[in-house]
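I have placed the structure first, in the form of structure tokens, so that the comments after it can refer back to it.
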Amino acid sequence: MDKSWWKILSFVLLVYTIVCGFLLDVPHLFILNETIRNLYFHVCMWFGMMILFTISFVYSIKYLRGYQYRNDIFAENFARVGALFGILGYLTGMLWVNVTWVTDQGQSMASVMKEPKLIGAAIALLIYGAYFVLRGSFTDIDKRARISAVYNIFAFAMLFPSIWIIPRLVGSLHPGAPGGDNGNPALDRNDMDARMRMVFYPAIIGWTLLGVWIATLKIRLSLLKDKSIINE
Amino acid sequence: MNKFILTLIGLMTSLITSAQDKPEMADLLRSNGKIYTVVAVCLTILIGLFIYVFILDRKISRFEHETKNRK
């Protein structure tokens with residue numbers, strides 16, 4: 001357990017997230033009220049997903065550069081945990097929609113269904129879903145690794161346009177819509193309250209590290225299982 | 001007495017208007033300390049999750065050790 005400092009860091013940061021996330025003061029806003037604290041949980045799932053998918057993308061490129069089978073295992077498992085985070089982000093978003101957009105803002109179900117960020121996120125998750133289907137449909141290990149690595153690069157290329165660029169261009173109920181008064185809270189640090197940033201950034205790191213930890217466990221299991229075909 | 005009633009009315013109206021101007025926050029949850037129950041529940045879940053992942057980590061480490069020694 002010598003290299004496990006980041007696992008401890010993840011635990012400490014998440015304890016900090018829960019304690020300070022619930023107890024510290026947050027901006028008092030209409031509609032959002034106390035649900036603004038979901039920023040530390042719901043939004044962090046999406047940030048964690050993006051980071052994990054990015055790691056997976058890097059390992060896919062690494063695989064294609066040297067055709068080392070272990071890089072394919074890394075790419076697969078990081079993508080799997082990333083997709084898990086995405087699904088959790090979607091589920092938590094569904095709960096949040098109910099009390100803010102639908103109940104308090106009076107949005108109809110139709111306008112929620114048309115919300116470009118929801119559609120974009122669904123597209124991104126489905127593209128990654130197809131990645132897992134693709135992987136499962138091969139019997140030849142080398143072919144599976146090569147084709148899915150190429151596909152993973154395509155999936156990553158679609159990720160940011162579908163969850164960030166298109167929703168911001170066409171306008172969405174999420175913060176950061178063009179012409180909105182809330183600026184760009186996800187990317188410009190001046191558009192987020194300083195008190196919230198103090199919890200939000202550590203929360204992203206904490207959740208992401210937990211995801212990385214789970215992914216490494218899956219990777220180590222896969223490596224053990226496929227030990228005979230990995231020449232080390 | 002009149003003054004007293006006036007201030008009372010003044011106070012009440014200020015209370016009512018403040019309830020409308022300011023976004024409603026869960027102040028009661030904070031003032032009676034029940035928020036700590038929420039924090040404690042979430043922390044218990046988090047700690048439980050981490051213990052689970054930690055034990056899994058240790059099991060895999062032990063297994064890795066065994067397969068390495070077998071070689």
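Bear in mind that the values here come from a model prediction, so they are computed numbers and not experimental data. Order of the sequence lines fixes the chain letters, A, B, ..., with proteins taken first and strands second; residue numbering starts at 1 for each chain.
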Measuring from [X]:[atom1] to [Y]:[atom2], what's the distance to the nearest 0.5 Å?
X	Y	atom1	atom2	result
B:I60	A:L217	CD1	CG	4.5 Å
A:L14	B:C42	CG	SG	11.5 Å
B:L46	A:I18	CG	CD1	4.5 Å
A:L221	B:L56	CG	CG	7.0 Å

query = chain A heavy atoms under 4.5 Å from B:I47: which part of the residue, side chain, backbone, both or neither?
reply =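 For B:I47, heavy atoms of backbone and side chain both lie under 4.5 Å from chain A.
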ask   = Taking only residues two or more places apart in sequence, or in another chain, which ones meet A:Y128 in a ring pair (Phe, Tyr, Trp, His ring centres under 6.0 Å)?
value =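 Only A:F53 meet the ring pair (Phe, Tyr, Trp, His ring centres under 6.0 Å) criterion with A:Y128.
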ask   = Passes side-chain contact (heavy atoms from CB on, under 4.5 Å), A:R220 versus B:D57? Steps please.
value = CA-CA 9 Å; A:R220 283 160 66 190; B:D57 192 314; 3.2 Å; yes
query = With a 4.5 angstrom heavy-atom cut-off, which part of A:S10 approaches chain B: side chain, backbone, both or neither?
reply = both
task = Can you tell which part of A:L32 gets under 4.5 Å to a heavy atom of chain B, answering side chain, backbone, both or neither?
result =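 For A:L32, neither part sits under 4.5 Å from chain B.
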task = Using a 4.5 Å cut-off on heavy atoms from C-beta on, say whether the side chain of A:V26 contacts that of B:M25.
result =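 Yes - at least one pair of side-chain heavy atoms lies under 4.5 Å apart.
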B:Y36 atom OH: more than 12 heavy-atom contacts under 6.0 Å = no
query = For B:F63, does the CZ atom have more than 12 heavy-atom neighbours from other residues, nucleotides or ligands under 6.0 Å away?
reply = no
ask   = So does A:E34 pair up with B:R30, basic N to acidic O under 4.0 Å?
value =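 B:R30 and A:E34: salt-bridged.
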ask   = Hey, what's the ring geometry for B:F50 with A:F11, parallel, tilted or perpendicular (30° and 60° as the breaks)?
value =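 It falls in the perpendicular class, over 60°.
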ask   = For the candidates B:V38, B:L43, B:L49, B:L29, which exhibits the highest count of non-hydrogen atom pairs separated by less than 4.5 Å from chain A?
value =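 When all of B:V38, B:L43, B:L49, B:L29 are compared, B:L43 has the most.
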ask   = Under 4.5 Å, heavy atom to heavy atom, which residues of residues 74-81 of chain A contact chain B?
value =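 Contacts with chain B: none.
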